[in-house]
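As C-alpha coordinates, the structure follows; a few thoughts come after it.
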Amino acid sequence: MDLSQYGPWAFIAGGSEGVGASFARLLAASGVNLVIAARKPEPIAALAAGLRGEFGVEVRELAINLCAPDMLEQVQQATHDIEIGMLICNAGAENSLTPFLERKPGRAEMLIALNVTAPTQLTYHFGTGMRERGRGGIIIVGSNSCHTGAPRQVVYSAAKAYQFNFAEGLWAELRPHNVHVLGLILGLTNTPNLARTGYKPDPAAGLIMAEPKDVAQQGLDQLGHEPIHCIGGWTDRWRQLRGLPRGEAMAMIG
Ligand SMILES: NC(=O)c1ccc[n+]([C@@H]2O[C@H](COP(=O)([O-])OP(=O)(O)OC[C@H]3O[C@@H](n4cnc5c(N)ncnc54)[C@H](OP(=O)(O)O)[C@@H]3O)[C@@H](O)[C@H]2O)c1
(Lines give C-alpha, C1' and ligand atoms only; values in the text may rest on other atoms or scores of the structure.)
Protein backbone atom coordinates (compact mmCIF):
# COMPACT_ATOMS: atom_id res chain seq x y z
CA MET A 1 0.00 0.00 0.00
CA ASP A 2 1.49 3.39 -0.94
CA LEU A 3 0.75 5.75 1.94
CA SER A 4 3.41 8.35 1.07
CA GLN A 5 0.65 10.98 0.63
CA TYR A 6 0.10 10.61 4.39
CA GLY A 7 3.69 10.80 5.66
CA PRO A 8 6.22 11.39 6.93
CA TRP A 9 4.51 11.18 10.35
CA ALA A 10 1.07 10.05 11.54
CA PHE A 11 -0.54 11.04 14.84
CA ILE A 12 -2.86 8.40 16.33
CA ALA A 13 -5.07 9.53 19.21
CA GLY A 14 -5.80 6.26 21.01
CA GLY A 15 -3.13 4.31 19.16
CA SER A 16 -1.91 1.82 21.76
CA GLU A 17 -4.38 -1.03 21.20
CA GLY A 18 -7.27 -2.30 19.09
CA VAL A 19 -8.12 -0.37 15.94
CA GLY A 20 -5.60 2.39 16.74
CA ALA A 21 -2.76 -0.11 17.09
CA SER A 22 -3.81 -1.79 13.83
CA PHE A 23 -3.62 1.57 12.06
CA ALA A 24 -0.17 2.05 13.61
CA ARG A 25 1.01 -1.28 12.29
CA LEU A 26 -0.28 -0.69 8.73
CA LEU A 27 1.23 2.79 8.59
CA ALA A 28 4.57 1.61 10.00
CA ALA A 29 4.66 -1.20 7.43
CA SER A 30 4.46 1.51 4.77
CA GLY A 31 7.33 3.47 6.29
CA VAL A 32 5.25 6.17 7.99
CA ASN A 33 6.67 7.35 11.35
CA LEU A 34 4.26 7.51 14.27
CA VAL A 35 3.20 9.48 17.28
CA ILE A 36 1.18 7.11 19.44
CA ALA A 37 -1.00 8.87 22.01
CA ALA A 38 -2.90 7.14 24.84
CA ARG A 39 -3.08 7.34 28.64
CA LYS A 40 -1.17 4.25 29.80
CA PRO A 41 2.56 4.44 28.93
CA GLU A 42 3.33 0.70 29.08
CA PRO A 43 1.16 -0.49 26.15
CA ILE A 44 2.42 2.44 24.05
CA ALA A 45 6.04 1.53 24.85
CA ALA A 46 5.51 -2.16 24.03
CA LEU A 47 3.83 -1.40 20.69
CA ALA A 48 6.42 1.26 19.80
CA ALA A 49 9.34 -1.08 20.49
CA GLY A 50 7.78 -3.77 18.29
CA LEU A 51 7.12 -1.39 15.39
CA ARG A 52 10.62 0.13 15.54
CA GLY A 53 12.16 -3.35 15.54
CA GLU A 54 10.01 -4.78 12.77
CA PHE A 55 9.71 -1.82 10.39
CA GLY A 56 12.59 0.53 11.29
CA VAL A 57 10.27 3.53 11.65
CA GLU A 58 10.55 6.26 14.29
CA VAL A 59 7.89 6.18 16.98
CA ARG A 60 7.20 8.90 19.57
CA GLU A 61 5.38 7.81 22.71
CA LEU A 62 2.89 10.31 24.09
CA ALA A 63 1.22 9.36 27.37
CA ILE A 64 -1.64 11.83 27.54
CA ASN A 65 -5.26 12.10 28.60
CA LEU A 66 -7.01 13.46 25.51
CA CYS A 67 -9.68 14.98 27.78
CA ALA A 68 -7.17 17.16 29.64
CA PRO A 69 -7.74 20.91 29.29
CA ASP A 70 -4.11 21.37 28.17
CA MET A 71 -4.27 18.46 25.69
CA LEU A 72 -3.37 20.57 22.67
CA GLU A 73 -0.37 22.22 24.38
CA GLN A 74 0.99 18.77 25.26
CA VAL A 75 0.48 17.61 21.68
CA GLN A 76 2.17 20.72 20.30
CA GLN A 77 5.19 20.17 22.54
CA ALA A 78 5.52 16.57 21.39
CA THR A 79 5.14 17.29 17.66
CA HIS A 80 6.32 20.87 16.96
CA ASP A 81 9.38 19.69 15.01
CA ILE A 82 7.78 17.04 12.79
CA GLU A 83 5.39 17.06 9.84
CA ILE A 84 2.13 15.23 10.57
CA GLY A 85 0.57 14.06 7.30
CA MET A 86 -2.03 11.78 8.85
CA LEU A 87 -4.31 12.22 11.85
CA ILE A 88 -6.35 9.34 13.21
CA CYS A 89 -8.83 10.10 16.01
CA ASN A 90 -9.62 6.67 17.39
CA ALA A 91 -10.17 6.95 21.17
CA GLY A 92 -13.80 7.48 22.06
CA ALA A 93 -15.56 4.38 23.35
CA GLU A 94 -18.42 4.37 25.83
CA ASN A 95 -18.26 1.43 28.21
CA SER A 96 -21.44 1.81 30.18
CA LEU A 97 -25.13 1.56 29.39
CA THR A 98 -26.61 4.01 31.89
CA PRO A 99 -29.48 6.50 31.68
CA PHE A 100 -28.29 10.09 31.36
CA LEU A 101 -29.54 11.36 34.73
CA GLU A 102 -28.08 8.40 36.60
CA ARG A 103 -24.54 9.02 35.44
CA LYS A 104 -21.81 10.41 37.66
CA PRO A 105 -21.32 14.18 37.30
CA GLY A 106 -18.64 14.94 34.71
CA ARG A 107 -19.07 11.73 32.72
CA ALA A 108 -20.96 13.46 29.90
CA GLU A 109 -18.34 16.21 29.69
CA MET A 110 -15.59 13.59 29.48
CA LEU A 111 -17.29 11.86 26.54
CA ILE A 112 -17.75 15.20 24.81
CA ALA A 113 -14.09 16.11 25.41
CA LEU A 114 -12.92 12.79 23.98
CA ASN A 115 -15.25 12.57 20.97
CA VAL A 116 -15.92 16.21 20.14
CA THR A 117 -13.37 18.62 21.59
CA ALA A 118 -10.20 16.56 21.07
CA PRO A 119 -10.90 15.58 17.41
CA THR A 120 -11.95 19.16 16.66
CA GLN A 121 -8.81 20.69 18.18
CA LEU A 122 -6.46 18.08 16.71
CA THR A 123 -8.00 18.46 13.25
CA TYR A 124 -7.75 22.26 13.38
CA HIS A 125 -4.13 22.02 14.51
CA PHE A 126 -2.83 19.36 12.11
CA GLY A 127 -5.28 20.07 9.28
CA THR A 128 -3.91 23.57 8.84
CA GLY A 129 -0.46 22.22 7.93
CA MET A 130 -1.93 19.56 5.67
CA ARG A 131 -3.92 22.13 3.72
CA GLU A 132 -0.84 24.33 3.33
CA ARG A 133 1.21 21.40 2.03
CA GLY A 134 -1.60 20.24 -0.27
CA ARG A 135 -1.66 16.67 1.00
CA GLY A 136 -2.70 14.63 4.01
CA GLY A 137 -5.31 12.37 5.56
CA ILE A 138 -7.69 12.51 8.53
CA ILE A 139 -9.70 9.56 9.82
CA ILE A 140 -12.34 10.02 12.52
CA VAL A 141 -13.40 6.70 14.06
CA GLY A 142 -17.12 6.79 14.79
CA SER A 143 -19.88 4.39 15.73
CA ASN A 144 -23.20 3.12 14.42
CA SER A 145 -24.62 4.75 17.55
CA CYS A 146 -24.43 7.99 15.55
CA HIS A 147 -27.39 7.15 13.33
CA THR A 148 -30.12 7.77 15.94
CA GLY A 149 -30.48 8.91 19.52
CA ALA A 150 -29.72 5.99 21.83
CA PRO A 151 -31.28 5.49 25.26
CA ARG A 152 -28.62 4.68 27.91
CA GLN A 153 -25.98 6.06 25.52
CA VAL A 154 -27.49 9.49 25.06
CA VAL A 155 -24.30 11.56 25.10
CA TYR A 156 -22.23 8.96 23.28
CA SER A 157 -24.70 8.74 20.38
CA ALA A 158 -24.93 12.55 20.22
CA ALA A 159 -21.12 12.92 20.24
CA LYS A 160 -20.78 10.28 17.52
CA ALA A 161 -23.41 12.14 15.44
CA TYR A 162 -21.19 15.23 15.73
CA GLN A 163 -18.23 13.21 14.43
CA PHE A 164 -20.27 11.98 11.46
CA ASN A 165 -21.21 15.48 10.29
CA PHE A 166 -17.78 16.84 11.19
CA ALA A 167 -16.06 14.31 8.94
CA GLU A 168 -18.57 14.79 6.13
CA GLY A 169 -18.25 18.58 6.08
CA LEU A 170 -14.47 18.48 6.32
CA TRP A 171 -14.31 15.97 3.48
CA ALA A 172 -15.92 18.53 1.18
CA GLU A 173 -13.85 21.48 2.44
CA LEU A 174 -10.46 19.77 2.27
CA ARG A 175 -10.94 17.70 -0.87
CA PRO A 176 -9.89 20.57 -3.18
CA HIS A 177 -6.66 20.78 -1.16
CA ASN A 178 -5.86 17.08 -1.65
CA VAL A 179 -6.45 16.37 2.05
CA HIS A 180 -8.52 13.20 2.37
CA VAL A 181 -11.05 12.88 5.20
CA LEU A 182 -12.99 9.81 6.25
CA GLY A 183 -15.62 9.16 8.90
CA LEU A 184 -15.04 5.46 9.60
CA ILE A 185 -18.16 4.13 11.30
CA LEU A 186 -17.71 0.99 13.36
CA GLY A 187 -20.14 -1.60 14.61
CA LEU A 188 -19.14 -4.23 17.15
CA THR A 189 -15.38 -4.61 16.99
CA ASN A 190 -13.20 -7.06 18.84
CA THR A 191 -11.05 -4.55 20.73
CA PRO A 192 -9.33 -5.08 24.10
CA ASN A 193 -11.51 -2.29 25.46
CA LEU A 194 -14.71 -4.11 24.47
CA ALA A 195 -13.33 -7.35 25.93
CA ARG A 196 -12.67 -5.58 29.26
CA THR A 197 -16.35 -4.64 29.51
CA GLY A 198 -17.18 -8.37 29.57
CA TYR A 199 -19.60 -7.96 26.66
CA LYS A 200 -20.44 -11.18 24.83
CA PRO A 201 -22.58 -10.87 21.68
CA ASP A 202 -25.75 -12.94 21.71
CA PRO A 203 -25.35 -15.41 18.80
CA ALA A 204 -29.13 -15.31 18.27
CA ALA A 205 -28.91 -11.57 17.48
CA GLY A 206 -26.78 -12.42 14.44
CA LEU A 207 -24.32 -9.59 15.09
CA ILE A 208 -20.95 -9.89 13.42
CA MET A 209 -17.88 -8.80 15.35
CA ALA A 210 -15.26 -7.10 13.16
CA GLU A 211 -11.53 -7.52 13.76
CA PRO A 212 -9.45 -4.37 14.36
CA LYS A 213 -6.93 -5.16 11.61
CA ASP A 214 -9.72 -5.51 9.00
CA VAL A 215 -11.35 -2.29 10.18
CA ALA A 216 -8.06 -0.36 9.93
CA GLN A 217 -7.32 -1.83 6.51
CA GLN A 218 -10.76 -0.78 5.24
CA GLY A 219 -10.20 2.69 6.69
CA LEU A 220 -6.98 3.18 4.76
CA ASP A 221 -8.47 1.64 1.60
CA GLN A 222 -11.51 3.92 1.73
CA LEU A 223 -9.65 7.13 2.54
CA GLY A 224 -9.80 9.47 -0.45
CA HIS A 225 -13.12 8.14 -1.73
CA GLU A 226 -16.51 8.72 -0.07
CA PRO A 227 -16.71 10.85 3.13
CA ILE A 228 -18.27 8.06 5.22
CA HIS A 229 -17.56 4.35 5.29
CA CYS A 230 -19.54 2.05 7.59
CA ILE A 231 -17.94 -1.28 8.45
CA GLY A 232 -19.80 -4.52 7.84
CA GLY A 233 -22.35 -3.51 5.24
CA TRP A 234 -23.85 -0.79 7.42
CA THR A 235 -23.60 1.84 4.68
CA ASP A 236 -26.76 0.40 3.07
CA ARG A 237 -28.54 -0.01 6.43
CA TRP A 238 -27.69 3.57 7.40
CA ARG A 239 -29.25 4.88 4.17
CA GLN A 240 -32.31 2.74 4.92
CA LEU A 241 -32.44 4.10 8.50
CA ARG A 242 -32.51 7.68 7.24
CA GLY A 243 -35.77 6.98 5.43
CA LEU A 244 -37.58 5.50 8.45
CA PRO A 245 -39.69 7.29 11.07
CA ARG A 246 -37.28 8.06 13.93
CA GLY A 247 -38.94 5.69 16.41
CA GLU A 248 -38.59 2.79 14.00
CA ALA A 249 -35.00 3.73 13.26
CA MET A 250 -34.18 3.76 16.98
CA ALA A 251 -35.77 0.36 17.45
CA MET A 252 -33.71 -1.02 14.57
CA ILE A 253 -30.46 0.31 16.06
CA GLY A 254 -31.43 -0.81 19.56
N1 LIG B 1 -15.16 -1.69 20.10
C2 LIG B 1 -16.36 -1.55 19.55
O3 LIG B 1 -17.19 -2.48 19.52
C4 LIG B 1 -16.74 -0.22 18.93
C5 LIG B 1 -18.00 -0.10 18.32
C6 LIG B 1 -18.35 1.10 17.70
C7 LIG B 1 -17.45 2.15 17.67
N8 LIG B 1 -16.23 2.01 18.29
C9 LIG B 1 -15.33 3.16 18.27
O10 LIG B 1 -14.01 2.72 17.98
C11 LIG B 1 -13.06 3.54 18.67
C12 LIG B 1 -12.10 2.64 19.42
O13 LIG B 1 -12.83 1.92 20.40
P14 LIG B 1 -12.15 0.87 21.41
O15 LIG B 1 -13.18 -0.14 21.72
O16 LIG B 1 -10.85 0.39 20.90
O17 LIG B 1 -11.91 1.70 22.77
P18 LIG B 1 -11.28 3.17 23.05
O19 LIG B 1 -11.08 3.24 24.51
O20 LIG B 1 -12.12 4.20 22.44
O21 LIG B 1 -9.88 3.17 22.29
C22 LIG B 1 -8.76 2.51 22.80
C23 LIG B 1 -7.54 3.40 22.64
O24 LIG B 1 -7.80 4.73 23.06
C25 LIG B 1 -6.99 5.09 24.20
N26 LIG B 1 -7.77 6.01 25.02
C27 LIG B 1 -9.01 5.81 25.55
N28 LIG B 1 -9.39 6.88 26.27
C29 LIG B 1 -8.39 7.79 26.18
C30 LIG B 1 -8.16 9.10 26.73
N31 LIG B 1 -9.06 9.69 27.52
N32 LIG B 1 -7.02 9.73 26.43
C33 LIG B 1 -6.08 9.14 25.65
N34 LIG B 1 -6.23 7.92 25.11
C35 LIG B 1 -7.37 7.25 25.39
C36 LIG B 1 -6.66 3.73 24.82
O37 LIG B 1 -5.48 3.71 25.60
P38 LIG B 1 -5.51 4.07 27.18
O39 LIG B 1 -6.63 3.27 27.77
O40 LIG B 1 -4.16 3.69 27.68
O41 LIG B 1 -5.75 5.53 27.25
C42 LIG B 1 -6.43 2.91 23.54
O43 LIG B 1 -5.21 3.22 22.94
C44 LIG B 1 -13.87 4.49 19.55
O45 LIG B 1 -13.99 5.75 18.93
C46 LIG B 1 -15.24 3.82 19.65
O47 LIG B 1 -16.30 4.75 19.85
C48 LIG B 1 -15.86 0.85 18.91
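Remember, it's 1-based here, ligands and their atoms both numbered in the order they're listed.
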Exercise for the section: Examine ligand 1 and decide if any of its atoms is less than 4.0 Å from a heavy atom belonging to Y156. Expected result: yes
Fill in the blank from the handout: for atom 48 (C) of ligand 1, nearest protein heavy atom and its distance come out as L186 CD2, 4.1 Å
Problem - For atom 3 (O) of ligand 1, closest protein heavy-atom neighbour - result: T189 N, 2.8 Å
Practice task
Taking the side chain as every heavy atom from C-beta outward, state whether I139 and L223 have any atom pair closer than 4.5 Å.
Solution key: yes
Problem - Closest protein heavy atom (residue, atom, distance) for atom 29 (C) of ligand 1 - result: R39 NE, 3.5 Å
Practice task
For the residue pair F11 and F126, categorise the inter-ring angle as parallel (less than 30°), tilted (30 to 60°) or perpendicular (more than 60°).
Solution key: tilted
Handout entry: Over 12 non-hydrogen atoms of neighbours within 6.0 angstrom of CD in Q77
Key = no
Problem - atom 34 (N) of ligand 1 [closest protein heavy-atom partner, distance rounded to 0.1 Å] - result: A38 CA, 3.4 Å
Practice task
Verify the distance criterion only: is there a donor paired with an acceptor across the side chains of S96 and T98 at less than 3.5 Å?
Solution key: yes
Handout entry: Closest candidate by heavy atom, reference atom 45 (O) of ligand 1, pool I185, I12, N90
Key = N90
Handout entry: I64 neighbourhood, listing ligand 1 atoms whose heavy-atom distance to it stays under 4.0 Å
Key = 32 (N), 33 (C)
Practice task
Rounded to the nearest 0.5 Å, what's the gap from CG on L170 to CD1 on I138? Could you check?
Solution key: 6.0 Å
Practice task
Please identify which atoms of ligand 1 are closer than 4.0 Å to at least one heavy atom of G187.
Solution key: 3 (O), 4 (C), 5 (C), 6 (C)
Handout entry: Of the listed options G142, A37, G14, closest to atom 7 (C) of ligand 1 (non-hydrogen atoms)
Key = G142
Practice task
May I ask you to test the V181-E168 pair for a side-chain heavy-atom distance under 4.5 Å?
Solution key: no
Exercise for the section: Check T191 against ligand 1 and report side chain, backbone, both or neither, counting heavy atoms closer than 4.0 Å. Expected result: side chain
Practice task
With heavy atoms of V141 as the reference, note each atom of ligand 1 found under 4.0 Å away.
Solution key: 10 (O), 11 (C), 45 (O)
Problem - For S16, atoms of ligand 1 separated by under 4.0 Å from a heavy atom - result: 37 (O), 42 (C), 43 (O)
Exercise for the section: Find out whether I88 and L27 are in side-chain contact, i.e. whether some heavy atom of one side chain is under 4.5 Å from a heavy atom of the other. Expected result: yes
Problem - Protein residue, atom and distance nearest to atom 32 (N) of ligand 1, heavy-atom basis - result: L66 N, 2.9 Å
Problem - E17 bridged to R196 by N-O distance under 4.0 Å - result: yes
Problem - For atom 31 (N) of ligand 1, closest protein heavy-atom neighbour - result: N65 OD1, 3.0 Å
Exercise for the section: Please determine if R242 forms a cation-pi arrangement with F164, meaning its NZ or CZ atom is less than 6.0 Å from the six-membered ring centre and no more than 45° off the ring axis. Expected result: yes
Handout entry: Atom indices of ligand 1, in the order listed, that fall short of 4.0 Å to a heavy atom of K40
Key = 38 (P), 39 (O), 40 (O)
Problem - Contact with ligand 1 for L188, non-hydrogen, under 4.0 angstrom - result: yes
Exercise for the section: Indicate, as side chain, backbone, both or neither, the part of E94 found under 4.0 angstrom from ligand 1 when only non-hydrogen atoms are considered. Expected result: neither
Problem - Flag if over 12 foreign heavy atoms under 6.0 Å of CZ, F100 - result: no
Exercise for the section: Determine whether the side chains of D214 and Q218 contain a donor N or O and an acceptor N or O closer than 3.5 Å. Expected result: no
Practice task
Output yes when E109 and K104 qualify as a salt bridge under the 4.0 Å nitrogen-oxygen rule, no when they do not.
Solution key: no
Problem - G15 neighbourhood, listing ligand 1 atoms whose heavy-atom distance to it stays under 4.0 Å - result: 43 (O)
Practice task
Measure from NZ or CZ of R239 to the centre of the six-membered ring of W234 and say whether it is under 6.0 Å with the direction within 45° of the ring axis.
Solution key: no
Problem - Identity and distance of the protein heavy atom lying nearest atom 22 (C) of ligand 1 - result: E17 OE2, 3.8 Å
Practice task
Would you mind telling me if ligand 1 is within reach of the side chain of N193, the backbone, both or neither, using heavy atoms under 4.0 Å?
Solution key: side chain
Practice task
Heavy-atom contacts with S143 under 4.0 Å: which atoms of ligand 1 show up? List them by number with element.
Solution key: 6 (C), 7 (C)
Fill in the blank from the handout: for atom 18 (P) of ligand 1, nearest protein heavy atom and its distance come out as A93 CB, 3.7 Å
Exercise for the section: Using a strict 4.0 Å threshold on nitrogen-to-oxygen distance, state whether R25 and E54 make a salt bridge. Expected result: yes
Problem - G18 N/O to ligand 1 N/O under 3.5 Å - result: no
Handout entry: Distance filter under 4.0 Å to L114 heavy atoms, resulting ligand 1 atoms
Key = 30 (C), 31 (N)
